[in-house]
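Some notes on the structure that comes next.
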Amino acid sequence: MNNSQVKKKVFLDHDGGVDDLLALLLVLSMEEVELIGVSVTPADCYAEYAAESSRKFIELMLAKPVPVAISKARGRNAFPEVWRAQPQIINAFPQLLNMKSLRSPLSELEASDFIIEKLLNSAEPVSYLLTGPCTTLVTALKKEPKIKEKISEIIWMAGAVHVHGNVRTYTHNGNAEWNVYWDAESAQWLIEQNLPLTIVPLDATNHVPVTFDFLKKMAAQNEFEVSQLASLCWAITVNTIPGYDYLYHMWDVLAVAYVTRADIFSSQQIELEIAQHLPNEGETYTQAGSGSWVNVVTDVEKDLFYDYLLKQSRKNFIRV
Ligand code: AGV
Ligand code: CA
């Protein structure tokens with residue numbers, strides 16, 4: 001892109017899963033966007049670990065620092081602890097382990113206050129990328145409704161509209177997706193706000209599992225440092241039980257790709273409502289006539305998406 005073009009401003013609100021960090025890596029590789037801040041919600045992670053890996057990824061990819069803030073949000077339903085500990089493996093990678101004096105600061109503000117500050121101070125409206133539960137964003141919107149005017153779009157990996165969900169607990173019927181289930185009350189509030197909201201639900205992400213075929217293509221371009229780091233991150237997701245239910249998907253990476261590559265996705269406006277109680281707490285179901293209108297991504301041209309990921313990974317780390 002030429003310098004006279006203004007870059008799209010983006011904010012990333014993630015929850016530290018391995019694919020959240022890969023989503024951050026993808027955003028950091030996008031030439032046409034400017035990342036203005038990162039928030040970490042302690043949902044699918046322990047936030048301190050994920051904030052550390054976020055700051056290190058930024059250090060490797062950008063000359064300009066980007067502040068990272070930690071959220072104090074809590075959901076009604078906690079993520080399994082084995083999932084939450086997984087991102088710490090990334091901090092043990094040799095590319096990251098001995099990094100010191102990071103230029104990107106850990107903000108002293110709690111993440112909802114940080115979001116308010118970043119959005120209010122932005123001259124242009126911001127694309128808000130959300131790859132974990134929406135609780136931190138909802139807290140910010142309730143504290144300072146004026147930030148609505150600074151949000152041009154929200155792209156949220158969430159929900160399972162016409163497909164089965166991925167919550168598997170003793171009391172649940174399995175029809176919810178985890179990011180919604182963590183805090184279904186905030187999710188219902190968010191969809192009622194008439195914001196320009198696009199969700200990327202399991203309906204779309206089910207098309208992009210982490211496959212060995214893809215990992216082989218990434219490994220074939222291992223001479224690029226970004227590919228090497230991405231390969232390692234994907235490799236640690238392969239320790240899942242080889243049944244469909246626990247197969248790792250490129251959930252959040254697919255969602256953030258929408259910000260630059262909406263052209264390869266299909267979506268439709270659907271009226272949604274979110275269940276608040278067991279056995280289907282967190283289910284996102286259609287409610288014609290009285291639901292909230294949401295733009296729902298239903299499909300992606302998956303080969304073009306995988307090609308895009310491979311292309312964006314053919315890069316080396318910056319040297320400053
Ligand atoms: O439901 C998908 C969301 C995404 O934001 N997360 C993982 C992605 O970051 C929760 C989740 C569902 N199944 C999982 C998850 C699994 N097997 N391991 C880790 N997290
Ligand atoms: Ca996530």
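First listed ligand is number 1; within each ligand, the first listed atom is number 1. All residue numbers refer to positions in the sequence shown, counting from 1. In this text the structure is predicted, and so the values were computed from the model without any measurement.
E110 has no carboxylate O lying under 4.0 Å from a charged side-chain N of K72, or vice versa, which leaves the two without a salt bridge. Salt-bridge check for K8 with E32: failed, with every basic side-chain N at 4.0 Å or more from each acidic carboxylate O.
If you check the side chains of T135 and D183, you find a donor sitting under 3.5 Å from an acceptor. In the model, N280 has no side-chain atom that pairs as donor or acceptor with a side-chain atom of H172 under 3.5 Å. With no hydrogens or angles considered, a side-chain donor-acceptor pair links S227 and Q221 at under 3.5 Å. With no hydrogens or angles considered, no side-chain donor-acceptor pair links D15 and T41 at under 3.5 Å. Residues S54 and H14 bring a donor and an acceptor atom of their side chains to less than 3.5 Å of each other.
In this structure the side chain of I199 reaches within 4.5 angstrom of the side chain of L272, judged on heavy atoms.
Each of the atoms 1 (O), 2 (C), 3 (C) of ligand 1 lies under 4.0 Å from some heavy atom of E177. Close approach to D20 involves these atoms of ligand 1, each under 4.0 Å from a residue heavy atom: 9 (O). Within the listing of ligand 1, atoms 4 (C), 5 (O), 8 (C), 9 (O) sit less than 4.0 angstrom from a heavy atom of D252. Set against the non-hydrogen atoms of M157, the atoms of ligand 1 under 4.0 Å away are 2 (C), 4 (C), 5 (O). Residue-ligand proximity, D19 to ligand 1, at heavy-atom distances under 4.0 Å covers atoms 4 (C), 7 (C), 8 (C), 9 (O).
F79 and W83 have tilted rings, their planes meeting at an angle from 30° to 60° on a 0 to 90° scale.
When the heavy atoms of W83, Y248, F79 are ranked by distance to atom 15 (C) of ligand 1, first place goes to W83.
For a threshold of 3.5 Å applied to N or O pairs, the pair formed by W251 and ligand 1 contains no separation below that value. Of the N or O atoms in Q86, none lie within a sub-3.5 Å distance of an N or O in ligand 1. Considering backbone and side-chain atoms together, D15 places no N or O closer than 3.5 Å to any N or O of ligand 1.
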Quick one, R55 with E59, criterion salt bridge (charged side-chain N to carboxylate O under 4.0 Å, His left out). Give me CA distance, side-chain angles, the key distance, then yes/no.
CA-CA 6 Å; R55 292 169 64 218; E59 186 79 15; over 6 Å; no
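Note on residues 253-304: pairs passing ring-ring contact (aromatic ring centres under 6.0 Å, His included), not counting sequence neighbours, are Y258-F265.
Contact annotation: for T131 versus ligand 1, heavy atoms closer than 4.0 Å belong to the backbone alone.
Tally of protein N, O or S atoms closer to the Ca ion (ligand 2) than 3.0 Å: 5.
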